[in-house]
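First comes the structure, then the notes that go with it.
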Amino acid sequence: MAEIDVADVMDVAAAVLLLAGSLFALIAAIGVVRLPDLLSRMHAATKPQVIGLMLVVSGLALRLRDPSVLGMLLFVVILQMATSVVSSHMVARASYRSALVREDLLVVDELNDELNDDAHDGLDHRGAP
């Protein structure tokens with residue numbers, strides 16, 4: 001019987017993770033092109049893209065097996081997770097306030113309730129007096 005090498009198993013797992021991450025990135029790209037409105041496109045651009053990046057980085061970590069590279073890859077994932085979530089949230093709020101969101105596609109509109117509460121407190125839709 002042939003002996004299984006740990007490095008070969010790690011290489012196969014790395015290839016699977018790289019392919020899965022690439023598939024998530026492809027799904028994100030297709031979603032950005034095909035989805036009907038701004039909020040759906042932003043969701044497609046951030047969520048699967050970050051998961052795809054995490055899978056690709058995991059595959060790279062298994063393939064490279066270098067501690068100095070692992071630290072850099074972890075840093076890339078942390079920065080991507082922080083900036084992607086915050087930037088998409090800010091763009092979504094700005095687009096909502098600029099009336100670029102299709103309200104007929106919203107299932108729940110919590111931001112409208114918040115903006116109406118601000119209007120009752122004497123603030124305009126931007127939160128300014």
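Keep in mind the model is a prediction, meaning the values are calculated, not measured.
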message: Could you check whether any side-chain N or O of Arg34 sits under 3.5 Å from a backbone N or O of Gly31, counting only pairs where one atom can act as donor and the other as acceptor?
response: no

message: Among Leu79, Ile78, Leu73, exactly one meets side-chain contact (heavy atoms from CB on, under 4.5 Å) together with Phe75. Which residue is that?
response: Leu79

query: How many angstroms lie between atom OG of Ser58 and atom CG of Leu17, to the nearest 0.5 angstrom?
result: 6.0 Å

- line: Correct closest heavy-atom pair for Ser95 and Ala92 would be OG-O, 2.8 Å

Shortest non-hydrogen contact between Ala14 and Gly59, atoms and distance: CB-O, 3.3 Å

- prompt: Looking only at heavy atoms, which two atoms of Val32 and Ala45 are closest? And how far apart?
  reply: CG2-CB, 3.7 Å

- prompt: How long is the gap from OG on Ser98 to CZ on Arg93, to the nearest 0.5 Å?
  reply: 12.0 Å

query: Would you call Arg65 and Asp11 a side-chain contact if the rule is heavy atoms closer than 4.5 Å?
result: yes

- line: Closest heavy-atom pair, Val77 versus Leu53, reported as atoms and distance to 0.1 Å, is CA-CD2, 4.5 Å

- prompt: Which pair of heavy atoms, one from Ser40 and one from Leu35, lies closest together, and at what distance?
  reply: O-CD1, 3.3 Å

query: Is the closest side-chain heavy-atom distance between Met54 and Met81 below 4.5 Å?
result: yes

field: Arg41 atom CZ: more than 12 heavy-atom contacts under 6.0 Å
entry: yes

query: When clusters are formed by joining ILVMFWY residues with side-chain heavy atoms under 4.5 Å apart, either directly or through shared neighbours, do Leu62 and Ile51 land in the same one?
result: yes

- request: Would you give the length of the straight line joining atom NE2 of His43 to atom CG of Leu39, rounded to the nearest 0.5 angstrom?
  value: 11.0 Å

query: Should Leu64 and Val57 be regarded as members of a common hydrophobic cluster, given that ILVMFWY residues are connected when their side-chain heavy atoms come within less than 4.5 Å of each other, either directly or indirectly?
result: yes

- request: Please name the pair of heavy atoms, one in Ser88 and one in Met42, separated by the smallest distance, quoted to 0.1 Å.
  value: O-CE, 2.7 Å

message: Is there a path of hydrophobic side-chain contacts, each under 4.5 Å between heavy atoms of I/L/V/M/F/W/Y residues, joining Leu55 to Met10?
response: yes

message: Test of understanding: clusters of I, L, V, M, F, W, Y form through side-chain heavy atoms closer than 4.5 Å, transitively. Do Leu60 and Val69 belong to the same one?
response: yes

